[in-house]
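Below: the structure, in structure tokens.
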Amino acid sequence: GRLKMAFDRPGASTTSPRDVNVVWSLQDAPGATDEEKWRAVKESVSTSVWFEGFQTRIKSAVISFVQDHPEREIHLLCIRGGPITELEQEAMSKIVLEVQADMALYQIHSRIKIELLTYSEFVAIFGDAP
């Protein structure tokens with residue numbers, strides 16, 4: 001198997017000036033409880049230009065891999081984290097459905113699975129960063 005990484009993060013070159021009012025962290029989130037703050041970050045980020053671009057970039061990466069390896073089963077690994085990674089994970093099912101619909105137009109029927117791992121599980125499988 002191969003490990004191909006596709007990711008993005010707020011603050012990277014993909015950041016949009018239109019996202020100036022987006023709440024990116026729990027420390028900056030409104031709310032009295034941790035649950036309210038968690039929800040506030042997810043709601044804010046979900047409306048950001050960055051998040052729309054994130055979904056497009058991940059979808060493009062998956063489509064590219066499917067086109068290069070149509071016979072392979074693809075595993076999308078999502079690592080557990082904070083509210084933004086949780087939002088990304090929630091978007092993955094929609095991304096997979098869109099990839100499969102797009103690929104079906106070309107008679108490519110992709111097998112894609114989403115797997116949720118902790119960072120420790122990821123390191124145990126693939127090793128630590130160099």
Side-chain angles (χ1 to χ4, degrees):
R2 287 203 302 187
L3 179 64
K4 183 174 184 176
M5 297 183 74
F7 61 92
D8 195 9
R9 61 176 293 160
S13 63
T14 55
T15 301
S16 170
R18 291 183 287 173
D19 288 342
V20 69
N21 294 320
V22 173
V23 178
W24 298 106
S25 71
L26 293 171
Q27 293 87 353
D28 299 328
T33 67
D34 288 344
E35 184 177 314
E36 289 172 344
K37 291 180 180 197
W38 192 279
R39 189 172 35 255
V41 170
K42 284 177 62 176
E43 288 173 6
S44 183
V45 172
S46 72
T47 65
S48 69
V49 173
W50 171 82
F51 189 63
E52 183 68 31
F54 162 82
Q55 293 175 90
T56 300
R57 283 184 295 286
I58 296 300
K59 181 178 169 182
S60 295
V62 175
I63 285 173
S64 176
F65 197 82
V66 168
Q67 288 173 331
D68 290 346
H69 308 283
E71 72 290 346
R72 285 191 176 177
E73 181 173 79
I74 296 170
H75 296 255
L76 302 179
L77 306 178
C78 299
I79 298 175
R80 294 183 193 273
I84 296 174
T85 55
E86 187 174 278
L87 181 63
E88 293 167 350
Q89 291 156 12
E90 291 168 1
M92 293 306 268
S93 293
K94 175 183 170 242
I95 291 169
V96 167
L97 290 174
E98 290 175 353
V99 167
Q100 290 173 326
D102 290 350
M103 292 294 88
L105 295 172
Y106 300 98
Q107 281 72 50
I108 298 173
H109 301 286
S110 52
R111 295 170 295 143
I112 303 171
K113 290 187 176 182
I114 300 169
E115 297 180 39
L116 186 58
L117 304 172
T118 65
Y119 180 73
S120 297
E121 291 168 332
F122 179 85
V123 169
I125 295 166
F126 298 101
D128 206 351

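This is a predicted model, so every value here is computed, not measured. When reading the values below, keep in mind they use all heavy atoms of this one structure, side chains included, and skip hydrogens, waters and symmetry mates.
Across all their heavy atoms, Phe126 and Leu77 have their closest contact at CE1-CD1, 3.4 Å. Among all heavy-atom pairs drawn from Trp24 and Val41, the shortest one is O-CG1, 4.0 Å. Arg80 and Thr85 make their closest contact through C-OG1, 4.1 Å (heavy atoms, listed as atom of the first residue, atom of the second, distance). Pairing each heavy atom of Phe51 with each of Ala91, the nearest pair is CZ-CB, 3.8 Å. Closest of all the heavy-atom pairs between Ser46 and Glu43 is OG-O, 2.8 Å. Across every non-hydrogen atom of Lys37 and Ala29, the tightest pair is O-CB, 3.6 Å.
The line from CD1 of Ile63 to CG of Asp68 is 12.0 Å long, rounded to the nearest 0.5 Å. Rounding to the nearest 0.5 angstrom, the gap separating the CE atom in Met92 from the CD atom in Gln55 is 10.0 Å. Here the SG atom belonging to Cys78 is positioned 6.0 Å from the CD1 atom belonging to Ile114, to the nearest 0.5 angstrom. Here the straight-line distance linking atom NZ of Lys59 with atom CG of Leu97 works out to 10.5 Å at 0.5 Å rounding. Distance check: Ile84 CD1 to Trp50 CH2 gives 6.0 Å after rounding to the nearest 0.5 Å.
Counting heavy atoms from C-beta outward, Ile58 and Glu88 have side chains that stay 4.5 Å or more apart.
Clustering ILVMFWY residues whenever any of their side-chain heavy atoms sit less than 4.5 angstrom apart, transitively, puts Ile125 in the very cluster that holds Tyr119. When the side chains of ILVMFWY residues are joined at heavy-atom separations under 4.5 Å, either directly or via intervening members, Ile108 and Leu105 end up in a single hydrophobic cluster. Phe54 and Val49 are not part of a single hydrophobic cluster, where members link through side-chain heavy atoms under 4.5 Å apart.
When atom types are taken as modelled, the side chain of Ser48 and the backbone of Ser44 share no donor-acceptor pair closer than 3.5 angstrom. Counting only distance, with no hydrogens or angles, the side chain of Gln100 and the backbone of Ser110 share a donor-acceptor pair below 3.5 Å. A donor-acceptor pair under 3.5 Å links the side-chain atoms of Gln89 to the main chain of Ile79, judged by distance alone. In terms of modelled atom types and a separation under 3.5 Å, the side chain of Ser60 and the main chain of Thr56 share a donor-acceptor contact. Counting only distance, with no hydrogens or angles, the side chain of Arg72 and the backbone of Arg111 share no donor-acceptor pair below 3.5 Å.
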Q: For side chain to side chain contact (heavy atoms under 4.5 Å, CB included), just list the numbers for Ile112 and Leu76, CA-CA rounded to whole Å, side-chain angles, deciding distance to a tenth of an Å, and then say yes or no.
A: CA-CA 7 Å; Ile112 303 171; Leu76 302 179; 3.7 Å; yes

Q | Worked verdict on Gln67 versus Tyr106 for side chain to side chain contact (heavy atoms under 4.5 Å, CB included) | A | CA-CA 10 Å; Gln67 288 173 331; Tyr106 300 98; 5.6 Å; no

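Atom CD of Glu35 has 12 or fewer heavy atoms from other residues, nucleotides or ligands within 6.0 Å. Shown here is Glu52, whose CD atom has no more than 12 heavy atoms of other residues, nucleotides or ligands within 6.0 Å.
A donor-acceptor pair shorter than 3.5 Å cannot be found between the side chains of Ser16 and Asp19.
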